[in-house]
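See structure below.
Note: hydrogens, waters and symmetry copies are ignored here, and every other heavy atom, side chains too, is used. Given the structure is predicted, the values throughout are model-derived calculations rather than measurements.
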Amino acid sequence: MSAQLLFQTQDKWGPIEVSEEGTIRKLSFGPGDEQSRQDKRHPHLPEHEYIQGMLLALLFSQPKSAMVLGLGAGCLVSALHHAVPGIKLTAVELRSAVIEIAKRFFRLPHGKKITLINDDAVAFIKQNQHKKADLLFADIYHALGVDQAQLSDDFLQHCCSQLKAEGILVLNCWHEHSENHDFAAALRKNFPYLYGCHVSSGNWIVFASQADIAVKLTQSKSAAQQLKLASDIDLTRLLNQLKNIS
């Protein structure tokens, strides 16, 4: 079955396309690119393994609030909204067209506890004017890959200041970033407790906190089972990939 183009547009950052193949709908920022993927039958269940990896943070936290830097089609926001009833969500997205597409084509949830902000996520976090969050997800990507600012010491410092005392920063990176010594040094400078999860899609998910989550790790298998029963989101396999970053 060939993919059907549902919508395309262009802004100053490049092309944006929405395509569909069977029950799968995709958001792309260029040829060969796939930013987001959603199964129309289960829009709240994450299709991409890296999003499943990012959701591991729910096993170490009972968040009342979360901030998402980089909206895409809103798959992470949809999963969080479904998995944590009542959570306050703030999503920051550079491209206004992407926000509208997430609403129109990807069933982005809406309500009083969901705030969408059209802004440069890196500039936004530097302003340090938003309420501190329990979880902060950084997923700032464009057609060529991760925004390099997401790996910088300056960015990590500002993220740290936007987290509550036991908050967790979750970074979506690539495998090769686990070998980046400058990035590792910046992480250690700002966060004493670090964990990473390599997933088969080529992503490396980093969990960074000022608080020791080792005790919660011992309870994570039980938490994963509870999450699966409550939301159908199964993280048990990826939990085994979670390692301490030495």
Side-chain angles (χ1 to χ4, degrees), residues 46 48-70 76 79-80 83-84 92 121-122 125-126 128 130 132-141 145-224 227 233 235-246:
H48 276 151
E49 193 178 37
Y50 79 85
I51 292 184
Q52 297 170 24
M54 297 179 84
L55 290 172
L56 285 171
L58 296 180
L59 306 184
F60 321 117
S61 173
Q62 295 179 320
K64 294 182 178 180
S65 62
M67 185 183 299
V68 177
L69 305 180
L76 180 57
L80 289 166
V84 189
V92 185
V122 176
I125 204 72
K126 288 181 179 181
N128 197 23
H130 197 273
K132 293 187 176 185
D134 295 303
L135 296 176
L136 201 167
F137 297 89
D139 187 22
I140 311 173
Y141 276 68
V146 65
D147 189 321
Q148 291 301 304
Q150 183 173 292
L151 310 177
S152 71
D153 175 59
D154 185 58
F155 177 79
L156 295 174
Q157 284 185 49
H158 288 293
C159 286
C160 185
S161 68
Q162 279 293 150
L163 285 167
K164 294 181 182 178
E166 295 190 358
I168 301 172
L169 170 64
V170 185
L171 295 151
N172 178 25
C173 305
W174 287 113
H175 279 328
E176 59 260 32
H177 296 136
S178 63
E179 306 294 331
N180 185 321
H181 298 297
D182 291 337
F183 180 45
L187 282 169
R188 293 191 189 95
K189 175 184 173 183
N190 292 283
F191 296 96
Y193 301 100
L194 299 165
Y195 293 84
C197 177
H198 288 280
V199 298
S200 59
S201 55
N203 300 74
W204 182 50
I205 313 302
V206 175
F207 303 86
S209 181
Q210 292 284 332
D212 189 357
I213 63 172
V215 174
K216 295 176 182 178
L217 272 172
T218 64
Q219 306 164 351
S220 57
K221 287 187 178 180
S222 174
L227 181 66
I233 296 174
L235 305 179
T236 51
R237 181 180 57 82
L238 284 178
L239 184 57
N240 295 327
Q241 305 299 321
L242 190 66
K243 308 294 181 185
N244 182 265
I245 300 175
S246 57

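- By the 6.0 Å contact criterion, CD on Glu176 is enclosed, its count of non-hydrogen atoms from other residues, nucleotides or ligands being greater than 12.
- Put simply, the side chain of Leu217 does not reach to within 4.5 Å of the side chain of Leu59, judged on heavy atoms.
- Pairing each heavy atom of Pro63 with each of Leu58, the nearest pair is CG-CD2, 3.9 Å.
- Comment: Asp134 does not engage Lys64 in a salt bridge, judged by the lack of any side-chain N to carboxylate O separation of less than 4.0 angstrom.
- Heavy atoms from other residues, nucleotides or ligands lying under 6.0 Å from CD of Gln219 number more than 12.
- The heavy-atom pair separating Leu242 from Phe60 by the smallest distance is CD2-CZ, 3.3 Å.
- The six-membered or imidazole ring of His198 lies near that of Trp204, with a centre-to-centre distance under 6.0 Å.
- Counting only heavy atoms from C-beta outward, the side chains of Val68 and Leu80 approach each other to under 4.5 Å.
- Proximity of Gln210 to Cys160: side-chain heavy atoms (C-beta onward) are separated by under 4.5 Å at one or more points.
- In terms of modelled atom types and a separation under 3.5 Å, the side chain of Tyr141 and the main chain of Asn172 share a donor-acceptor contact.
- Residues satisfying the side chain to side chain contact (heavy atoms under 4.5 Å, CB included) test with Ser152, not counting sequence neighbours, are Asp154, Phe155.
- Between Leu163 and Phe191, the closest side-chain pair of non-hydrogen atoms falls below 4.5 Å.
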